[in-house]
Amino acid sequence: MAERPFYVTTPIYYVSSVPHVGHAYTSIAADALARFHRTRGPTYFLTGTDEHGQKVAQAAAAAGMTPQTWTDQLVEQWKGLCRRYNVEYDDFIRTTEPRHSDAVVLFFERLKERGDVYLGKYEGWYCTNDETFWLEAKLVDGRCPNPECRREVQWLSEDNWFFALSKYRDRLLEYYRANPQWVRPERSYNEMVATLEGGLEDLCISRVNLEWGVPLPGGGVMYVWLDALLNYITALGWATGDEKFATFWPARVQLIGKEIARFHTIIWPAMLWALDLPAPETVFAHGWITIDGEKMSKSKGNVIEPFAAAERFGADSVRYFLMREAPFGTDFSISLEKIRKRHNTDLGNDLGNLARRSLAMLERYRGGIVPAYSGTSEIASRFADLPARVAARFEALDLRGALEDTWELIAALNRAIDDRRPWELAKRGEDAALDAILYDLCEGLRWCAHLLAPFMPVKAAEMYATLGTGDELGGDWRTDLVWGKLAAGTRARPAEAGLFPRIEDEPPAPAA
RNA sequence: GGCUCGGUAGCUCAGUGGUAGAGCGGGGGACUCAUAAGCCCUAGGUCGUAGGUUCGAAUCCUACCCGAGUCACCA
């Protein structure tokens with residue numbers, strides 16, 4: 001049965017500053033999903049940058065640059081983050097590209113034709129720093145109530161365009177009731193239902209006193225959020241009738257951080273419906289990465305810097321940590337020490353050492369030549385359904401579960417070595433039994449390489465290469481992960497250095 | 001303040017009516033192929049507090065305490 005093409009997106013990242021590990025987290029999760037789905041069929045993975053809005057304009061001005069120059073330079077950091085972590089996107093869209101901004105204008109015109117957008121007056125106390133209108137009652141001493149801001153606010157009265165969001169409320173509620181899985185995890189779903197039940201107001205979608213954005217006919221620019229949300233379809237060529245759009249929309253999975261759920265699960269589907277387009281299949285709101293339970297923040301100086309982490313532990317080890325540490329969707333806490341522990345124990349001790357000891361014995365007892373498969377194996381029968389189980393985890397967006405299931409095989413292989421004691425079999429000349437365990441180990445490693453490739457593409461490929469099959473990873477598990485497929489006579493070569501060399505504790509930093 | 005979700009072994013958590021579980025850490029043991037890795041054994045925790053329902057509750061109800069999230073036209 002052919003699956004529907006798989007389209008996965010990350011939020012487009014706001015380029016007012018540099019990336020941190022939270023951005024890497026979302027991108028890596030999307031990448032793992034995309035890499036898995038590529039083994040089964042057409043897959044498209046989109047990420048990008050959100051470059052409009054007042055904060056970008058201000059940051060650029062502060063740096064003495066035009067907004068365009070500013071974003072041109074910053075976007076390299078974001079692309080560099082993907083490169084550093086081997087995040088293999090199919091497309092990277094910037095909202096300043098004409099293919100996007102032209103489509104935003106088209107969107108606006110379509111809505112106008114349809115009567116979903118109208119001219120109105122927006123008035124209120126406005127804080128330029130927060131780009132927010134505040135109710136008078138919320139002001140603190142006549143100033144911005146945001147405790148980190150507290151700037152003066154000004155009274156603004158503007159003629160603006162409004163999107164008739166409220167008229168989609170009932171349809172949204174029906175959609176939520178009919179599709180309980182469409183917003184996940186459940187916590188986000190419940191909160192959004194509660195928001196909807198509380199009622200919706202129309203949305204002001206233009207900014208007349210701002211220039212850095214997509215210009216609207218008659219003046220002003222598009223509110224940055226609507227501009228940004230549209231990237232998910234403009235990148236596919238919605239506006240130009242590209243066949244990519246026909247193939248991949250609606251998205252199977254849109255990953256977001258839980259803080260932007262409202263935009264993606266209320267405003268976004270309404271925008272799509274206004275264009276007579278279907279809403280995405282699933283919006284998944286993942287949790288925050290914290291440091292000892294606290295939100296990362298530059299002022300606290302507790303930021304994990306993604307480039308430095310990759311430097312110290314290797315990109316794949318950080319990828320592994322992020323996907324393994326907590327169930328996908330919940331908050332979890334990160335520290336360099338935690339990454340180091342997972343690297344040393346899960347990756348070094350369990351997996352890396354398994355590969356090394358297995359291949360060392362193959363080398364010693366069989367000259368590195370993979371023996372023939374006898375046709376039966378206890379491990380084979382016990383794990384026959386593993387690829388299907390791991391695949392089901394991916395379908396369910398249970399990325400940690402996929403790793404946990406795979407680790408069962410790794411543990412079983414380590415246990416098998418101790419149970420069957422190849423060194424004794426070799427001494428006693430029990431060739432058939434020795435061949436059997438050695439074959440199980442090599443075949444097991446081949447399976448691990450396939451199953452782990454979405455999470456650790458580089459290390460999985462290295463591991464696979466040591467087996468010496470000459471093939472590359474990336475095939476369909478349903479045909480490739482059949483126990484016994486590893487050919488007898490294959491010349492495997494133990495890696496010289498371990499796959500995951502142990503990383504020692506850092507010496508205490510010298511006092512400043 | 002309203003709403004939501006949590007408070008279970010040192011740590012992270014699973015467990016939603018019927019004799020308290022997993023992983024990690026800690027402790028003990030046997031082995032040697034291996035990155036002093038792996039394997040085996042080992043935790044006896046008033047399941048936030050106080051009531052209630054029930055033959056029986058970590059699991060249902062009530063109140064309270066504690067923590068987090070959310071209630072913004074803020075990435």
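Nothing here was measured: the structure is a model prediction, and the numbers come from that model. Below, chain A is the first sequence line, B the second, and so on; all start at residue 1.
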Assess whether a salt bridge exists between A/Glu97 and A/Arg94, defined as any Lys/Arg side-chain N lying under 4.0 Å from an Asp/Glu carboxylate O. no
Any side-chain heavy-atom pair from A/Asp159 and A/Ser206 closer than 4.5 angstrom?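 In short, these two side chains do not touch, never coming nearer than 4.5 Å.
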Any base atoms under 4.0 Å from [X], or only sugar-phosphate, or nothing? Heavy atoms, all strands.
X: A/Leu203; answer: sugar-phosphate
X: A/His52; answer: nothing
X: A/Leu359; answer: nothing
X: A/Phe263; answer: sugar-phosphate
X: A/Arg415; answer: sugar-phosphate
X: A/Asp331; answer: nothing

[X] [atom1] to [N] [atom2], straight-line distance once rounded to whole Å:
X: A/Phe332; N: B/rU12; atom1: CZ; atom2: P; result: 15 Å
X: A/Glu325; N: B/rC11; atom1: CD; atom2: P; result: 16 Å
X: A/Tyr189; N: B/rU4; atom1: OH; atom2: C1'; result: 14 Å
X: A/Lys341; N: B/rU12; atom1: NZ; atom2: P; result: 13 Å
X: A/Glu408; N: B/rA22; atom1: CD; atom2: P; result: 15 Å
X: A/Trp407; N: B/rA22; atom1: CH2; atom2: C1'; result: 18 Å
X: A/Leu196; N: B/rU4; atom1: CG; atom2: P; result: 16 Å
X: A/Arg262; N: B/rA75; atom1: CZ; atom2: P; result: 14 Å

Whole-angstrom distance between [N] and [M], as gauged at atom [atom1]:
N: B/rU16; M: B/rG21; atom1: C1'; answer: 15 Å
N: B/rU62; M: B/rG10; atom1: P; answer: 30 Å
N: B/rA14; M: B/rC40; atom1: C1'; answer: 24 Å
N: B/rC60; M: B/rG69; atom1: P; answer: 25 Å
N: B/rA9; M: B/rC5; atom1: P; answer: 22 Å
N: B/rG67; M: B/rU59; atom1: P; answer: 22 Å
N: B/rA57; M: B/rG44; atom1: P; answer: 25 Å
N: B/rC11; M: B/rG7; atom1: C1'; answer: 15 Å

Please pick, from [options], the nucleotide with the shortest atom-to-atom distance to any side-chain atom of [X].
X: A/Trp423; options: B/rC33, B/rA75, B/rU35; answer: B/rC33
X: A/Tyr14; options: B/rC33, B/rA75, B/rG69; answer: B/rA75
X: A/Asn414; options: B/rG38, B/rA75, B/rC33; answer: B/rG38

Between [N] and [X], is there an OP1 or OP2 to side-chain N/O distance shorter than 4.0 Å?
X: A/Arg364; N: B/rA34; answer: yes
X: A/Arg356; N: B/rU35; answer: yes
X: A/Lys55; N: B/rA75; answer: yes

Please confirm whether [X] and [Y] have ring centers closer than 6.0 angstrom.
X: A/Tyr25; Y: A/His20; answer: no
X: A/Phe162; Y: A/Tyr118; answer: yes
X: A/Trp182; Y: A/Tyr175; answer: yes
X: A/Trp288; Y: A/Phe332; answer: no

In the strands shown, is [N] matched to any nucleotide by a Watson-Crick or G-U wobble pair with both distances under 3.5 Å, and which?
N: B/rA20; answer: none
N: B/rG51; answer: B/rC61
N: B/rG56; answer: none
N: B/rA37; answer: none
N: B/rU46; answer: none
N: B/rG6; answer: B/rC66
N: B/rC71; answer: B/rG1
N: B/rG25; answer: none

For a quick check, tell me whether the side chain of A/Asn349 and the base of B/rA37 share a donor-acceptor pair closer than 3.5 Å.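 Flag unset: no donor-acceptor pair detected.
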Does any donor-acceptor pair link the side chain of A/Asn353 with the base of B/rG38 at a separation under 3.5 Å?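 When only heavy-atom distances are counted, A/Asn353 does not reach the base of B/rG38 through any donor-acceptor pair under 3.5 Å.
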Tell me which of A/Trp225 and A/Tyr365 sits closer to the 5' end of RNA chain B, going by the nucleotide each one is nearest to. A/Tyr365
Most 5' of A/Asn190 and A/Leu354 on RNA chain B, judged by nearest nucleotide: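 Result of the comparison: A/Asn190.
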Option from A/Ile339, A/Asp350, A/Ile503 for which side-chain contact (heavy atoms from CB on, under 4.5 Å) with A/Asn344 holds: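 For A/Asn344, the side-chain contact (heavy atoms from CB on, under 4.5 Å) test succeeds with only one of A/Ile339, A/Asp350, A/Ile503, which is A/Ile503.
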Can a cation-pi geometry be assigned to A/Lys79 and A/Phe92, taking NZ or CZ under 6.0 Å from the six-membered ring centre and within 45° of the ring axis? yes
